[in-house]
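Naming: A, B, ... by sequence-line order, numbering from 1 per chain.
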Amino acid sequence: ETGVTQTPRHLVMGMTNKKSLKCEQHLGHNAMYWYKQSAKKPLELMFVYSLEERVENNSVPSRFSPECPNSSHLFLHLHTLQPEDSALYLCASSQDGGSDTQYFGPGTRLTVL
Amino acid sequence: GNSVTQMEGPVTLSEEAFLTINCTYTATGYPSLFWYVQYPGEGLQLLLKATKADDKGSNKGFEATYRKETTSFHLEKGSVQVSDSAVYFCALSDKSGYSTLTFGKGTMLLVSP
């Protein structure tokens, strides 16, 4: 499945760094999502975009800043992260905001030192 | 609120054994139900889905039936292979407003030759 791609696949950063995660979907979908997957915890929905408008933000700290410049691209800008932010960050897309089938990318494994 | 409960893992089986991974849910209305699979080092892949009561989702030899009376969506496979070793996630979408998935914690399956 190469419909949703994410770069980089692995990222190590210090707490004072600024970095960005990129997601691109090639499925013609109109909705995109960021999830956080931590060890031994259910996947946590972070952000939802539909037609490039943010429609949901699940109380995510401001050190995570999403950007959706068009319906094919989604970014997650990171700054001043904490070690507990180390996790696998997954991007997903769906046909539209009301479509219940989501397709996931391979994820970015983030380690914060 | 919505919730999904999966059996604790890991589930350890020999090749060609029968697999059952239990999943029960709590939701308002009539959600859609999903099984996703995550192979080591990869993102989530949609395995199968069912959108209404008594529907059976199937793919790659895996099956799950939407049981409204028992609020369950158990995953089964008649004969597992080593290549089925992965983490399996049960999820629901309540189809209200924008699509959001509620995931279980995941069940690791280990299949030995």
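When heavy atoms are compared at a cutoff of 4.5 Å, A/Arg9 approaches chain B solely by way of its side chain, counted from C-beta outward. Only the side chain of B/Gln38 comes within less than 4.5 Å of a heavy atom of chain A; its backbone N, CA, C and O stay farther away. Only the side chain of B/Leu46 has a heavy atom closer than 4.5 Å to any heavy atom of chain A. The contact between A/Gln37 and chain B is made entirely by side chain atoms (from C-beta outward), counting heavy-atom distances below 4.5 Å. For a residue to count as touching a neighbouring chain, one of its non-hydrogen atoms must lie under 4.5 Å from one of that chain's; by this rule B/Phe89 touches chain A with the side chain only.
No more than 12 heavy atoms of other residues, nucleotides or ligands lie within 6.0 Å of CD in B/Glu16, so this atom counts as exposed by the packing criterion. When the shell of 6.0 Å around CE of B/Met7 is examined, it contains more than 12 heavy atoms from other residues, nucleotides or ligands. The local environment of CD in A/Glu53 is sparse, with at most 12 non-hydrogen atoms from other residues, nucleotides or ligands closer than 6.0 Å. With a 6.0 Å radius and a threshold of 12 heavy atoms from other residues, nucleotides or ligands, B/Glu8 has its CD atom at or below the threshold.
By the rule that hydrophobic residues join a cluster once side-chain heavy atoms approach within less than 4.5 Å of another member, A/Tyr89 and A/Met15 end up as members of one cluster. Clustering ILVMFWY residues whenever any of their side-chain heavy atoms sit less than 4.5 angstrom apart, transitively, puts A/Phe75 in a cluster other than the one holding A/Leu110.
Considering all non-hydrogen atoms of both residues, B/Glu42 and A/Leu88 come closest at O-CD2, 4.4 Å. Between B/Phe103 and A/Leu43 the shortest heavy-atom distance is CD1-CB, 3.8 Å.
Residues passing the salt bridge (Lys or Arg N to Asp or Glu O under 4.0 Å) test with A/Lys36, sequence neighbours excluded: none.
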Problem - Residues B/Leu101, A/Tyr33; criterion side-chain contact (heavy atoms from CB on, under 4.5 Å); working and verdict - result: CA-CA 10 Å; B/Leu101 288 172; A/Tyr33 311 78; over 6 Å; no

Practice task
Would you check, one step at a time, whether the test side-chain contact (heavy atoms from CB on, under 4.5 Å) holds for A/Gln102 with B/Tyr36?
Solution key: CA-CA 10 Å; A/Gln102 296 180 21; B/Tyr36 281 86; 3.9 Å; yes

